Each structure stands twice: as structure tokens, then as C-alpha cells.
Amino acid sequence: MRVLVLLVALALNWTAPAFADDVAAAQSVIQAQEQAFSRGDAAAAYSHAAPEIKQLFPEADIFMQMVQQAYTPVYRHKSFEFGEARTANGHIAQRVHIVDDNGESWEAMYTLEQQGDGSLKITGCSLLKAGQAV
């Protein structure tokens with residue numbers, strides 16, 4: 001029994017740093033895109049989008065216009081704080097708590113996926129006013 005407990009403890013220690021590294025990398029990508037939005041840098045913001053997103057929005061300016069219209073709290077806000085994250089098989093889901101310029105609270109769920117070159121790209125973002133049902 002002690003051997004099993006030790007093996008589980010070792011496995012948790014080996015996977016925890018990988019989880020932390022994956023989450024830190026995902027947060028870095030999200031933060032870089034968020035900062036690009038705040039600077040109005042369409043090319044930099046677009047560079048963090050996954051290929052599937054780029055197929056839907058084939059130019060950086062088109063992508064930026066969509067974000068401005070459909071994701072205003074992501075584009076402009078008073079606060080942007082990371083919440084819970086989950087990882088599985090190269091996919092990461094990262095919750096972000098946002099307060100928009102009007103003081104309203106929002107919950108964003110970013111999804112990211114590891115690409116063939118090892119980089120992480122944002123595959124989507126769902127946005128709900130805080131307190132709304134999913």
C-alpha cells in the first residue's frame with residue numbers, strides 16, 4: 001500500500017510542473033494577445049490565433065474588427081485576471097475574469113491548442129456576462 005501511495009505521489013509531482021508550465025505558457029499567449037489589442041496592433045493579436053481562426057478571418061484587420069464588435073470586453077477593459085485552467089492532450093482551457101470599461105463583469109473561456117511546431121495558439125474564446133448560465 002505504501003508503494004502505491006508513493007507511486008501516486010511521484011506521478012503527481014511529475015505531472016504538476018508540466019501542468020503549471022502549460023498553464024503559464026497559455027496565459028502568456030493570452031496576455032500577449034490582450035496587450036496587442038490594447039495597443040491596436042492587429043498583426044500581433046492575429047499572430048496568436050490558431051489556423052482555424054485564420055481560415056474564418058483571413059486578414060488581421062478583419063479579425064481585429066470582429067473582436068472589436070463581438071468581444072468588446074476582451075478588446076477594451078478595466079481588468080483582466082486569470083482564473084481556473086484545465087489541460088488535456090495538448091489542449092488548454094483558461095478562464096479569465098474581465099471587468100469592461102462600463103464596470104460590468106464578464107467571464108471569458110479561452111481555448112488553446114498546441115500546434116505542430118510546439119507553439120500554443122488560441123482556438124476560441126467564449127464570453128458571458130458574469131452570472132449568466134452557460
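Computed from heavy atoms alone, side chains included, the values below leave out hydrogens, waters and symmetry copies. Position 1 is the first residue of the sequence, and the numbers go up from there. Since this is a predicted model, take the numbers as computed values, not measurements.
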*Keeping to residues at least two apart or across chains, list the salt bridge (Lys or Arg N to Asp or Glu O under 4.0 Å) pairs with something in residues 74-85.*
E84-R86
*Applying salt bridge (Lys or Arg N to Asp or Glu O under 4.0 Å), which residue pairs with at least one partner in residues 34-49 are found, sequence neighbours left out?*
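Residue pairs with at least one partner in residues 34-49: R39-D41.
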Please examine the side chains of [Y] and [X], heavy atoms only from C-beta on, and report whether any two atoms are closer than 4.5 Å.
| X | Y | answer |
| --- | --- | --- |
| V23 | T87 | yes |
| I122 | V29 | yes |
| V74 | I98 | yes |
| P73 | K129 | no |
| I30 | F82 | yes |

*Atom OG1 of T123 and atom CD of Q114: how far apart are they, to the nearest 0.5 Å?*
12.5 Å
*asked:* Using 0.5 Å steps for rounding, measure from the OG atom of S38 to the CD atom of Q31.
replied: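 So the OG of S38 and the CD of Q31 are separated by 10.0 Å.
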*So which heavy atom on M64 is nearest to which on G40, and how close?*
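Smallest interatomic distance, heavy atoms only, reads CE-C, 3.6 Å.
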*Might you point out which heavy atoms bring S105 and V99 nearest each other, and give the distance in Å?*
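Nearest heavy atoms, S105 then V99: OG-CG2, 4.1 Å.
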*Can you list the residues that meet the side chain to side chain donor-acceptor pair (under 3.5 Å) rule with S119, with sequence neighbours excluded?*
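S119 satisfies side chain to side chain donor-acceptor pair (under 3.5 Å) with D117 only.
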I'd like a table of donor-acceptor pairs (distance under 3.5 Å, sequence neighbours excluded) in which one partner is a side-chain atom from residues 43-50, with atom names and distances.
unit_1 : atom_1 : unit_2 : atom_2 : d
Y46    : OH     : F57    : O      : 2.6
Y46    : OH     : P58    : O      : 3.3
S47    : OG     : A44    : O      : 2.6

*Examine V96 and L128 and state if one hydrophobic cluster contains both, with Ile, Leu, Val, Met, Phe, Trp and Tyr joined whenever side-chain heavy atoms are less than 4.5 Å apart.*
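No, V96 does not connect to L128 through the hydrophobic network.
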*Do M109 and L112 share a hydrophobic cluster, counting only Ile, Leu, Val, Met, Phe, Trp and Tyr and linking them when any side-chain heavy atoms are less than 4.5 Å apart?*
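No.
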_side-chain hydrogen bond (donor to acceptor under 3.5 Å, both in side chains) partners of residues 49-73, not counting sequence neighbours, each pair once_ = Q68-Y75
*Do any pairs count as a side-chain hydrogen bond (donor to acceptor under 3.5 Å, both in side chains) and have a residue in residues 89-103, sequence neighbours left out, and if so which ones?*
Q27-Q94, H91-E113, H97-E107, D100-W106
